[in-house]
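Reading through the structure tokens given below for one structure.
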Amino acid sequence: MCKKYSSDLIPINEQLFIGLGTDLEFTPINGLRHPEHETMNGWYIWSGEWSDSTDFFKPIHAEHLIEMQPAILKYLSLDIGFRFQIDDKGYEDVWFDEKITRLE
């Protein structure tokens with residue numbers, strides 16, 4: 001995946017959490033990678049409607065997320081600043097977003 005999208009391969013720190021915004025029952029599934037921050041490895045993943053609520057994202061270990069949605073695994077080594085959107089019909093969009101390379 002990293003080669004396909006010209007990304008450096010940056011494995012996730014499995015000791016840190018991924019921010020999960022929903023239970024991923026809906027598609028498309030969206031993900032974006034910020035720099036690591038405190039106990040979070042930088043990935044924030046959700047499906048359905050986005051919320052600006054401060055409690056929208058809940059921490060989850062990568063291994064539990066992968067059990068819930070194994071299709072996500074191949075995106076988790078994309079570099080900081082990458083985003084993806086996938087669905088259950090084979091749709092895949094991956095792009096780099098400079099704005100998310102810095103925590104604000």
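Side chains included, hydrogens not; waters and symmetry mates left out as well; all remaining heavy atoms used. Quantities reported herein were computed from a predicted structural model and do not represent experimental measurements.
When the side chains of ILVMFWY residues are joined at heavy-atom separations under 4.5 Å, either directly or via intervening members, Ile86 and Leu76 end up in a single hydrophobic cluster. Hydrophobic clustering (ILVMFWY, side-chain heavy atoms < 4.5 Å, transitive): Phe57 and Ile12 are in distinct clusters. Taken together through direct or relayed side-chain contacts under 4.5 Å among Ile, Leu, Val, Met, Phe, Trp and Tyr, Ile100 and Trp50 form part of one hydrophobic cluster.
Between Ile72 and Phe84 there is a side-chain heavy-atom pair separated by less than 4.5 Å. When side chains are defined from C-beta on, Lys4 does not count as touching Lys74, because their heavy atoms never get closer than 4.5 Å. In this structure, the side chains of Leu24 and Ile45 come closer than 4.5 Å at one or more pairs of heavy atoms. You'll find the side chain of Trp46 reaches within 4.5 Å of the side chain of Leu32, heavy atoms only. Proximity of Met68 to Ile60: side-chain heavy atoms (C-beta onward) are separated by under 4.5 Å at one or more points.
At most 12 heavy atoms of other shown residues, nucleotides or ligands fall within 6.0 angstrom of atom CD in Glu14. The neighbour count for Phe26 CZ, taken as heavy atoms of other residues, nucleotides or ligands under 6.0 Å away, does not exceed 12.
Of the possible polar contacts, none joining the Trp43 side chain to the Gly31 backbone as a donor-acceptor pair under 3.5 Å is found. Side-chain atoms of Asp8 do not come within 3.5 Å of backbone N or O of Ile10 as any donor-acceptor pair. The backbone N or O of Gly81 lies less than 3.5 Å from no partner atom in the side chain of Thr101, so there is not a single donor-acceptor pair. A distance-only check finds no donor-acceptor pair linking the side chain of Ser77 to the backbone of Leu9 [under 3.5 Å].
The aromatic ring centroids of Tyr75 and Trp95 lie 6.0 Å or more from each other.
Between His61 and Phe17, the ring planes lie tilted relative to each other; the angle falls in the 30° to 60° range.
Heavy-atom minimum distance, Met40 versus Ile18: CE-C, 3.4 Å.
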